[in-house]
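The structure presented is a predicted model; accordingly, all values stated were derived computationally and were not measured.
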Amino acid sequence: MSVNKGVKPIGFLMRNPNFGTLLVVNLVSSLVGSGVGIALSVHLYQLTLSPLWTAVLAAVPTVAGVAFGHLAGTVTDRWSAPLRIIRIALFLRVLVLVALFALADSPLGLVCAVFAQAVLQQLYNPAEQVLIADYVTVEDLAQANGLNSFASNATRLVGPALGGFIMGWAGFRWTAIAVTALMLLATLLSLLLRGSRRKTPTAGGTAEEGEEGGGDGYLAMLRRSRRVRGLVLLQLLDAIKEGPLSSLFPVLMLGVIGATSAQMGLVNSAFAVSAVIAGPVIGTVVRRLGYRLPVLLGAAISNGAIVVLAIWPSLPLALIAFVVSGLPFTISWVGGQTWLLLSTPRSLRGRIVGTTGALYAGVSLVAMLASGVLAEWFGPRWVIGLGSFIAVAGLIGIAALLNERQQPTSTSQTAQTTPAK
């Protein structure tokens, strides 16, 4: 029977019940993250009336990524128990959310709680990626990551509105109780997950492992594999683009374009609307086109749209740029992340995800700080445009690194991991 049959989401989830349960866990925990984020930012500003505190709150997750991303990936690899790590991280997040209730009147306490949440999320991320690869076959990994992306983007549409509504209606402490209950639900659902007992080859061990070996570290993997170098650089280029865009987006919309806060929120949500569409189709795109073309073309389109917006800033073009960017960016990002996992031995995947995430956070943080300074001299639109242009131009070098003869398509990987009949 062909492994390419039954690729519709419902059939896929029925074939992969463990992944389906993990998807629900991720959906609920992502809903908590997006909901509590907006509630915290509103509450902290109302409590302190200080832009400095809100800026510190926004920077804390990035600092946690820089400090603990590599360590979290190493823990995932060396412990070799991603499911146990996920359960521990979810349970500890419940305790931290309870602390939000107790620390509601302390700005410093709230920031410390957010930092703790961010550290636990760093621990969760590589374990989640490794566990998804353990639950599905090589051929299904792209579709699994696509559906996981769909869940994350869907919560970005609902979570902030839900958190803001509960915050305005019942206050911060009741919001903390609500999100704690949701996180407890995610923790209990994680108890339904089981270890992979699949008889067919999973994405947990690919032919790459035999070629590359699993005993060396992150830097050795980068030196050995041009493809891995290219995929890591692709993420770092996105950080160069995302740093100025995220930090200067309000200035661009409110100060340059003259949009209202409601219009700014609409433009921001427009990205998620098209990104949601991308999730269910990524598996099909990869099966038909491979990884290289969707990854490169998606990055070129999404980054190029921001360059165009910087040159001709206007509200209609901002809406168009963000709607246009969502779908190709998501296909590129999820496809690149999947390709990176398939190009890495099982014993190094936690470090690949965690350390690359730490590098991404570090580059993004530097880009944010630098963009704030440069915007004073050259204006926000040109700084945003420069970051996106660098991301587009860098694709030329990345295309050369990714131009390897063998790609981890379903056909090639199956042929190498399954004995010929």
Inset, instruction - Answer whether the closest heavy-atom distance between the side chains of Leu341 and Ile352 falls below 4.5 Å. - result: no
Can you give me every donor-acceptor pair (side chain of residues 313-328, partner residue at least two apart or in another chain, under 3.5 Å) with its distance?
| unit_1 | atom_1 | unit_2 | atom_2 | d |
| --- | --- | --- | --- | --- |
| Ser314 | OG | Leu317 | N | 3.3 |
| Ser325 | OG | Ser302 | O | 3.4 |
| Ser325 | OG | Ala321 | O | 2.6 |

Legend entry - Ala99: partners by side chain to side chain contact (heavy atoms under 4.5 Å, CB included), with sequence neighbours left out: Leu103
Legend entry - Heavy-atom side-chain contact between Asn148 and Leu22 under 4.5 Å: no
Inset, instruction - Begin with the C-alpha distance, continue with both residues' side-chain angles, and end with the deciding distance and a verdict on side chain to side chain contact (heavy atoms under 4.5 Å, CB included) for Val353 and Glu128. - result: CA-CA 10 Å; Val353 174; Glu128 173 204 19; over 6 Å; no
Inset, instruction - Go through the structure and list residues passing side chain to side chain donor-acceptor pair (under 3.5 Å) with Asp77, not counting sequence neighbours. - result: Arg351
Legend entry - Check against side chain to side chain contact (heavy atoms under 4.5 Å, CB included), Leu192 and Leu189: CA-CA 6 Å; Leu192 300 177; Leu189 286 172; 4.1 Å; yes
Legend entry - Arg226 side chain to Arg223 backbone, donor-acceptor under 3.5 Å: no
Inset, instruction - Using modelled atom types only, decide if a donor and an acceptor are shared between the side chain of Ser190 and the backbone of Thr187 within a distance under 3.5 Å. - result: yes
Inset, instruction - Kindly write out the residues that satisfy side chain to side chain contact (heavy atoms under 4.5 Å, CB included) with Phe19, not counting sequence neighbours, or none if the list is empty. - result: Phe12, Leu13, Asn16, Leu23, Ile132, Tyr135, Val136, Ala144, Leu147
Legend entry - By side chain to side chain contact (heavy atoms under 4.5 Å, CB included) - contacts of Leu234 (at least two apart): Val295, Ala299, Ser332, Leu395, Ile398
Inset, instruction - Could you tell me which residues satisfy salt bridge (Lys or Arg N to Asp or Glu O under 4.0 Å) with Arg78, sequence neighbours excluded, listed by chain and number? - result: none
Inset, instruction - Using the side chain to side chain contact (heavy atoms under 4.5 Å, CB included) rule, take Arg346 and Val130 through it: C-alpha gap first, then chi angles, then the decisive distance, then the call. - result: CA-CA 8 Å; Arg346 169 65 171 78; Val130 170; 3.3 Å; yes
Legend entry - Minimum-distance pair of heavy atoms, taken over all atoms of Ala118 and Pro61: CB-CA, 3.7 Å
Inset, instruction - Write down the atom of Thr76, the atom of Leu123, and the distance for their closest heavy-atom approach. - result: OG1-O, 4.4 Å
Legend entry - Side chains of Thr338 and Asn145, donor plus acceptor under 3.5 Å: yes
Legend entry - Derivation of the side chain to side chain contact (heavy atoms under 4.5 Å, CB included) call for Leu90 and Ile86: CA-CA 6 Å; Leu90 289 170; Ile86 282 176; 3.9 Å; yes
Inset, instruction - Might you point out which heavy atoms bring Ser246 and Gly243 nearest each other, and give the distance in Å? - result: OG-O, 3.2 Å
Inset, instruction - Any chance you could measure Tyr291, atom OH, to Leu231, atom CG, to the nearest 0.5 Å? - result: 10.5 Å
Legend entry - Gap between atom CD1 of Ile384 and atom CG of Leu248 - 0.5 Å precision: 5.0 Å
Inset, instruction - Run through Leu359, Thr344, Leu348 and flag the one making a side chain to side chain contact (heavy atoms under 4.5 Å, CB included) with Tyr218. - result: Leu359
Inset, instruction - Could you pull out the closest heavy-atom pair between Pro107 and Thr48, with the gap in Å? - result: CG-CG2, 3.5 Å
Legend entry - Gap between atom CG of Leu95 and atom CG of Leu120 - 0.5 Å precision: 9.0 Å
Inset, instruction - Using atom types as modelled and distance alone, determine if a side-chain donor or acceptor of Ser225 lies under 3.5 Å from a backbone N or O of Met221. - result: no
Inset, instruction - Measure the spacing between CD1 of Ile257 and CH2 of Trp312 and express it to the nearest 0.5 Å. - result: 14.0 Å
Inset, instruction - Check step by step if salt bridge (Lys or Arg N to Asp or Glu O under 4.0 Å) holds for Asp134 and Arg349. - result: CA-CA 11 Å; Asp134 285 348; Arg349 284 180 177 170; 5.3 Å; no
Inset, instruction - Identify, with sequence neighbours excluded, every residue that meets side chain to side chain contact (heavy atoms under 4.5 Å, CB included) alongside Ala104. - result: His43, Phe172, Arg173
Legend entry - Arg229 (side chain) donor-acceptor with Leu222 (main chain) under 3.5 angstrom: yes
Legend entry - Pairwise ring-ring contact (aromatic ring centres under 6.0 Å, His included) hits with a residue in residues 66-96, at least two apart: none
Inset, instruction - Taking the side chain as every heavy atom from C-beta outward, state whether Leu97 and Leu100 have any atom pair closer than 4.5 Å. - result: yes
Legend entry - Atom CZ of Phe271: over 12 foreign heavy atoms under 6.0 Å: yes
Inset, instruction - Over all heavy atoms of both residues, which pair between Val334 and Ala142 is shortest? Give the atoms and the distance, please. - result: CG1-O, 4.5 Å
Legend entry - Point-to-point distance, once rounded to the nearest 0.5 Å, from CG of Leu297 to CD1 of Ile331: 9.0 Å
Legend entry - Heavy-atom side-chain contact between Val36 and Thr175 under 4.5 Å: no
Inset, instruction - For residues 295-317, pull every pair meeting salt bridge (charged side-chain N to carboxylate O under 4.0 Å, His left out), keeping only residues two or more places apart or in separate chains. - result: none
Inset, instruction - Would you name the heavy atoms of Val285 and Pro294 that are closest together and state the gap between them? - result: CG1-CG, 3.7 Å
Legend entry - Sidechain-backbone polar pair: Arg292 side chain, Ala399 backbone, donor-acceptor under 3.5 Å: yes
Legend entry - Straight-line distance of Leu342 CG to Gln337 CD, nearest 0.5 Å: 11.0 Å
Legend entry - Qualifying side-chain hydrogen bond (donor to acceptor under 3.5 Å, both in side chains) pairs with a residue from residues 114-124, counting only residues at least two apart or across chains: Asn26-Tyr124, Arg93-Gln117, Arg93-Gln121, Gln121-Asn125
Legend entry - Student check: side-chain heavy atoms of Met253 and Val267 closer than 4.5 Å: yes
Inset, instruction - Could you check if a side-chain atom of Gln235 sits within less than 4.5 angstrom of a side-chain atom of Leu340, using non-hydrogen atoms only? - result: yes
Legend entry - All pairs passing salt bridge (charged side-chain N to carboxylate O under 4.0 Å, His left out) where residues 238-254 contributes a residue, at least two apart: Asp238-Lys241
Inset, instruction - Give me the ring orientation class for Trp333 and Tyr360: parallel if the planes are under 30° apart, tilted from 30 to 60°, perpendicular past 60°. - result: perpendicular
Which donor-acceptor pairs under 3.5 Å do side chains of residues 367-381 form with protein atoms, sequence neighbours excluded?
| unit_1 | atom_1 | unit_2 | atom_2 | d |
| --- | --- | --- | --- | --- |
| Ser371 | OG | Ser247 | OG | 3.0 |
| Ser371 | OG | Ala367 | O | 3.1 |
| Ser371 | OG | Met368 | O | 2.7 |
| Arg381 | NE | Ala310 | O | 3.1 |
| Arg381 | NH2 | Ala310 | O | 3.4 |
| Arg381 | NH2 | Ile311 | O | 2.7 |

